[in-house]
Amino acid sequence: MDISIRNVTKKFGNFKALDGISLEIKDGELFALLGPSGSGKTTLLRIIAGLETPDSGSVLFHGCDATKTSVRERQVGFVFQHFALFRHMNIFENVAFGLRVKPRGHRPPRREIRERVMSLLSLVQLDQFADRYPSQLSGGQRQRVALARALAVEPKVMLLDEPFGSLDAKVRAELRKWLRRLHDELHITSVFVTHDQEEALEVADRVAVTNCGRVEQIGTPVQIYNDPATPFVYEFIGNVNLFRGRVSQGVAFMGDVRLKVPDLADAPDSEATAYVRPHDLQLSREKRGEISLMAKVVAIRDVGPVARIELMYPGNKKTYEAHIPIERLGELNISVGDNVFVSARRVKVFLNDGSRVSTPDLEKSVR
Amino acid sequence: MEVKIDPAMQGCIRGPRTVDDLTEPMGVRFILTITALVFLALFLVLPLVIVFSEALKNGLVTYFDSMISADALSAIRLTLLTAVISVTVNMVFGVAAAWAITKFRFRGKGVLITFIDLPFAVSPVIAGLIFVLLFGLRGWFGPWLSEHDIKIIFAIPGVILATLFVTLPFIARELIPLMQSQGTDEEEAALTLGASGVQTFFRVTLGNIKWGLLYGVILCNARAMGEFGAVSVVSGHMRGVTNTLPLHVEILYNEYQFSAAFAVASLLSLLALLTITARSILEWRHDLRVNSGKAGGFA
């Protein structure tokens, strides 16, 4: 079932949790709401579920306005951050709950409930734990019970609030893959909330990045990562180096470097910042073209397949980070204290008021 | 070459620490345990022993006679009636108040919490006086009540009202922190699974609070049966009519019928012991059920 969210706002006292959010979630999609804490993503999820009501705007399920529909009737499966398993019921009863509370006419007979619960428990690989209590399970197991419980009522939409938030790193990574596989099997439209960019980019079909109650960007993980639409998305997703400077008459001045930014030719003179991902910085021993800068290597961390190199420009106290393949580090044969030349493969320049953006063509940007 | 060991370092060199290192020395443990035991013996066990030994001093016959006297039986009946009504009313009120306070956001929440505590802060005698001032002959509603021939003060309704007032906080106070710590997640989960409000309450909330509720009921019951001050003011001490067990004990004692007084007192003590035992048994069975779940499973 597709969901559309139209211009939803929600205030808690003076705090604007959601400020006119609009989103389209496609049928069968695994959609991530990604943002820092306090960005309104959980509020939005709760509004989709019907656990909160928006101050204005509407939520449409398959084209029908569901804003006034109660939680009970929305047929959503909700997985809570701390799982919210019924602590005084065993695992079997937890999963069976949604079936047992159905009105008499729709309630499946006992045997069918038993079969359905057991098949769900085996789907989440917990069939031998049916008679345990939630307190006797590990975090990852509880999470899977919560999923099975939500799936038992055959929801049209699955909503997951920080589904892996309270688990340790290793279990997280495993469950993440498992959730993706489960979604590929069941194809239920699913929305999950997370503050972990890696999680969102790895699992979701599409991601909406939220900040301060607004959507910054919606797109596939690749679009979000490679082509961030706003400075916020740049800084929130992955690491990024910032070069502060000015834009004047179609040229960006960043320290000693000048970049041609024809898109900004008509912009008034203003402060601007260039964003470069660490893996878009190239290092070499010799000067390569006009836009390579000399920098000093201040630290090298060479654990794993990617070497992370901290650089400092003369006269600048801030350090910058470059990520290069470990083999390239061997070829360069650099060590701490050496001088290297740095050039960029890809740069994005934003005016500091956030109004305009330009991707300079680095081949032609020679002064 | 000789290495000098810093005395502060010796702990590390001596090897793994044993349990003894981590607990207090024998002497301290001994003194703490003895203090606790002596205190318990003096203030809990000794009074109980005295109550029962005084009660049985003149033999079993006197003991049972003093209990089946008409006045005593009437006092027992009134006490039980009061307790049943107080517990029932407070159970409904306690759950409703705790539910409202912990599951909703509304204005005046702080005021409500403070008011629930009021009976704890007010002396029981004053609690009784409040009802005399309200419903007594010269009280606010006194003239209207006497016109319609309704008796509250110096009658059973007064006794019940006073007891209700005094026992009001017990169940709510027990449930509020419990429900606050449990939050509203499970109720919300139940709603998303299609449960109605009533189903959510009976299947989820009640299940989660039943032990706290039971404990509150037991405390409330004990207080309802044992309340003296407030009831003493409103009851009028009419034998066989408005006397509860504690009042009956006082009357017997003032009339120098010590054995009878202690016999009735022992009955009250027995009721208290019974409630505590009942709670322990229930708790023990609950633990057993949860733990047996732990043992199974890995087949």
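Note that the structure is predicted; figures quoted are calculated from it, not measured. We name chains A, B, ... by the order of the sequence lines, and we start the count at 1 in each one.
Counting non-hydrogen atoms of neighbouring residues, nucleotides and ligands closer than 6.0 angstrom, the NZ atom of A:Lys156 reaches no more than 12 such neighbours. Heavy-atom contacts from other residues, nucleotides or ligands closer than 6.0 Å to CZ of A:Arg87 number more than 12. Heavy-atom neighbours of A:Phe12 CZ from other residues, nucleotides or ligands within 6.0 Å: above the threshold of 12. Surrounding NZ of B:Lys109 are more than 12 heavy atoms belonging to other residues, nucleotides or ligands, all under 6.0 Å away. The environment of A:Arg110 atom CZ is sparse: at most 12 non-hydrogen atoms of other residues, nucleotides or ligands sit within 6.0 angstrom. Heavy-atom contacts from other residues, nucleotides or ligands closer than 6.0 Å to CZ of B:Phe39 number 12 or fewer. The local environment of NE2 in A:His62 is sparse, with at most 12 non-hydrogen atoms from other residues, nucleotides or ligands closer than 6.0 Å. By the 6.0 Å contact criterion, CZ on B:Phe202 is open, its count of non-hydrogen atoms from other residues, nucleotides or ligands being 12 or less.
With rounding to the nearest 0.5 angstrom, the OG1 atom of B:Thr205 is 9.5 Å from the CZ atom of A:Phe86.
Scanning all heavy atoms of the two residues, the minimum distance from B:Asp185 to A:Phe80 falls at O-CZ, 4.0 Å. Here the closest non-hydrogen pair linking A:His88 and B:Arg203 is NE2-O, 2.9 Å. Nearest heavy-atom pair, A:Phe97 versus B:Ala195, reported as atom, atom and distance to 0.1 Å: CE2-CB, 3.7 Å. Here the shortest heavy-atom pairing between B:Glu186 and A:Ala84 reads CG-O, 3.8 Å.
Contacts between A:Arg74 and chain B at a heavy-atom distance below 4.5 Å are absent for every atom of the residue. Contact annotation for B:Ser196: both backbone and side-chain heavy atoms come within less than 4.5 Å of a heavy atom of chain A. Residue B:Glu187 does not touch chain A at all, counting heavy-atom pairs closer than 4.5 Å. Proximity to chain B (any heavy atom under 4.5 Å) is restricted, for A:Leu85, to the backbone atoms N, CA, C and O. A:Ala146 does not touch chain B: none of its heavy atoms, backbone or side chain, sits under 4.5 Å away.
Contacts with chain B were tallied for A:Leu51, A:Asn90, A:Val153; A:Leu51 has the most, counting heavy-atom pairs under 4.5 Å. Ranked by non-hydrogen atom pairs under 4.5 Å with chain B, the options A:Arg149, A:Lys102, A:Gln75, A:Glu73 are led by A:Arg149.
Within the 3.5 Å criterion, the main-chain N or O of A:Val101 finds a donor-acceptor partner in the side chain of B:Gln199.
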